[in-house]
Amino acid sequence: MARLANVHLFKGLDLDLAPFEARSNWRRFDPDEVLVDFDELSTDVYFLLSGEVRVLMRTASGKEVILNEMKPGEVFGELAALDGIKRSANVTALTRGEACVMPATVFKELLFANRPIAERLFCLMASRLRELNAKFMEQTVLDLRHRLYSELLRLSVPRGDKGVERVITPPPFHHIVAARIGCRREQITREFSMLTHEGLIERTRGALILRQPDVLKARVAEAMRADH
């Protein structure tokens with residue numbers, strides 16, 4: 001079975017990936033290792049086989065904004081492979097892991113020869129663009145508090161099969177949340193204290209529980225309507 005068979009872009013498709021794997025490299029990485037950096041001229045595409053990575057952008061002053069965190073099965077680096085322009089983001093490992101590193105020429109050959117892969121990639125890029133548009137709208141319209149509510153909802157998943165609670169596992173560090181929504185860690189700490197006091201969140205050793213996510217959703221919706 002091809003090692004890339006479990007990557008979301010190829011999963012379930014009846015394709016012979018072996019010739020493309022043979023022309024790729026396999027890279028193991030450690031926590032905090034930089035896989036891709038800003039303004040690099042490299043154009044390789046990375047398929048994450050194991051481990052987790054963080055994608056972020058950095059301003060001229062050094063302030064970092066987290067765009068995303070990726071898990072096994074995901075892909076990054078496709079933009080540079082397609083347009084040949086310098087890397088626009090930094091990708092740093094959060095854990096140990098391994099990635100398949102495919103040269104741009106090989107990736108494009110695979111992409112253009114297989115319409116189902118191209119369609120999946122277009123849908124993936126469209127979903128990422130929609131998410132960035134949503135975040136841009138929030139950054140423009142919402143204050144810090146409501147941006148936080150929205151980000152907590154985005155990071156969380158349903159807790160169990162029943163009930164309304166949602167959970168973020170492991171619980172996010174305050175400085176990481178701050179870097180995701182563009183504010184200071186101290187502001188996040190203050191907001192978390194207020195949410196805990198209201199009974200809307202609960203932090204356990206292994207998770208952050210959103211006790212009443214519907215309340216947070218309603219507050220975000222109201223703030224969007226108010227457009228303040």
Side-chain angles (χ1 to χ4, degrees), residues 8 52-59 61 63-71 73-76 78-79 88-91 94 119-228:
H8 302 326
E52 298 183 16
V53 300
R54 175 173 291 144
V55 184
L56 57 85
M57 301 188 77
R58 186 180 297 129
T59 67
S61 64
K63 181 179 179 181
E64 294 181 344
V65 177
I66 295 173
L67 296 180
N68 198 7
E69 285 165 359
M70 294 188 169
K71 299 180 184 297
E74 298 195 68
V75 59
F76 60 89
E78 73 285 351
L79 292 183
S88 59
N90 167 288
V91 182
L94 295 173
E119 289 179 343
R120 286 187 180 184
L121 182 66
F122 295 155
C123 288
L124 172 65
M125 295 173 73
S127 69
R128 288 179 179 174
L129 183 59
R130 290 180 192 277
E131 185 171 323
L132 284 173
N133 286 344
K135 287 186 176 181
F136 174 74
M137 177 66 77
E138 290 171 7
Q139 199 74 24
T140 304
V141 173
L142 299 180
D143 59 13
L144 179 153
R145 176 168 298 165
H146 293 89
R147 293 204 309 275
L148 173 61
Y149 296 167
S150 188
E151 190 66 22
L152 292 178
L153 290 166
R154 193 159 30 233
L155 291 172
S156 64
V157 296
R159 188 187 188 197
D161 296 331
K162 299 178 181 178
V164 299
E165 294 182 343
R166 295 179 67 85
V167 63
I168 304 173
T169 309
F173 292 111
H174 291 192
H175 72 279
I176 297 299
V177 178
R180 293 184 74 99
I181 66 173
C183 68
R184 298 191 307 277
R185 179 182 59 80
E186 296 79 8
Q187 294 172 296
I188 296 298
T189 301
R190 186 165 58 248
E191 293 297 332
F192 270 34
S193 295
M194 293 179 63
L195 286 169
T196 302
H197 181 71
E198 286 186 89
L200 294 175
I201 66 171
E202 177 187 346
R203 189 184 179 101
T204 65
R205 181 177 295 180
L208 179 70
I209 303 166
L210 308 188
R211 303 302 301 273
Q212 300 180 59
D214 288 347
V215 172
L216 299 182
K217 288 178 186 175
R219 290 182 180 181
V220 172
E222 177 61 30
M224 280 289 194
R225 284 193 295 270
D227 191 11
H228 58 78

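Computation of the quantities below employed the complete heavy-atom set of this structure, encompassing side-chain atoms and omitting hydrogens, waters and symmetry-equivalent molecules.
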Does the pair R159/E202 count as a salt bridge with the N-to-O cut at 4.0 Å? no
For the residue pair L67 and M57, what are the closest heavy atoms and their distance? CD1-CG, 3.4 Å
Determine, for E131 against K135, whether the closest basic-nitrogen to carboxylate-oxygen distance falls under 4.0 angstrom. yes
Within a 6.0 Å radius of atom CZ on R184, are there more than 12 heavy atoms belonging to other residues, nucleotides or ligands? no
Below 4.5 Å, heavy atoms only, C-beta onward: do R219 and L200 meet side chain to side chain? yes
Crowded around M125 CE? As in, over 12 foreign heavy atoms under 6.0 Å? yes
May I ask you to test the L142-M224 pair for a side-chain heavy-atom distance under 4.5 Å? yes
Side chains of V157 and T169 in contact at under 4.5 Å (non-hydrogen atoms): no
What heavy-atom pair brings P213 and L210 nearest, and what distance separates the two atoms? CD-O, 3.4 Å
Under 3.5 Å donor-acceptor, R166 side chain and S156 backbone: yes
Specify the closest pair of heavy atoms between E78 and V75, including all atoms of both residues, with the distance to one decimal. OE1-O, 4.0 Å
Are any of the side-chain heavy atoms of L208 and L155 separated by less than 4.5 Å? no
When rounded to the nearest 0.5 angstrom, what distance separates CZ in F136 from CG in L129? 12.0 Å
Which pair of non-hydrogen atoms, one from F192 and one from I201, has the smallest distance, and what is that distance? O-CD1, 3.7 Å
Measuring from I181:CD1 to Q139:CD, what's the distance to the nearest 0.5 Å? 7.5 Å
What is the distance from atom CD of E165 to atom CD1 of I209, rounded to the nearest 0.5 Å? 6.0 Å
Give the minimum heavy-atom separation between A207 and P171, together with the two atoms involved. N-CD, 3.4 Å
Verify, without hydrogens or angle tests, whether S150 (side chain) and H146 (backbone) share a donor-acceptor contact under 3.5 angstrom. no
Give, for atom CZ of R180 and atom CG of L152, the distance between the pair rounded to the nearest 0.5 Å. 10.0 Å
R54 side, atom CZ; I66 side, atom CD1 - distance, nearest 0.5 Å: 4.0 Å
Side-chain heavy atoms of D214 within contact of K217, under 4.5 Å: yes
With rounding to the nearest 0.5 angstrom, report the CG to CG distance, L56 to N90. 4.5 Å
Residue from E191, E198, E222, E138 passing salt bridge (Lys or Arg N to Asp or Glu O under 4.0 Å) with R145: E191
CZ/R185: more than 12 non-hydrogen atoms of other groups inside 6.0 Å: no
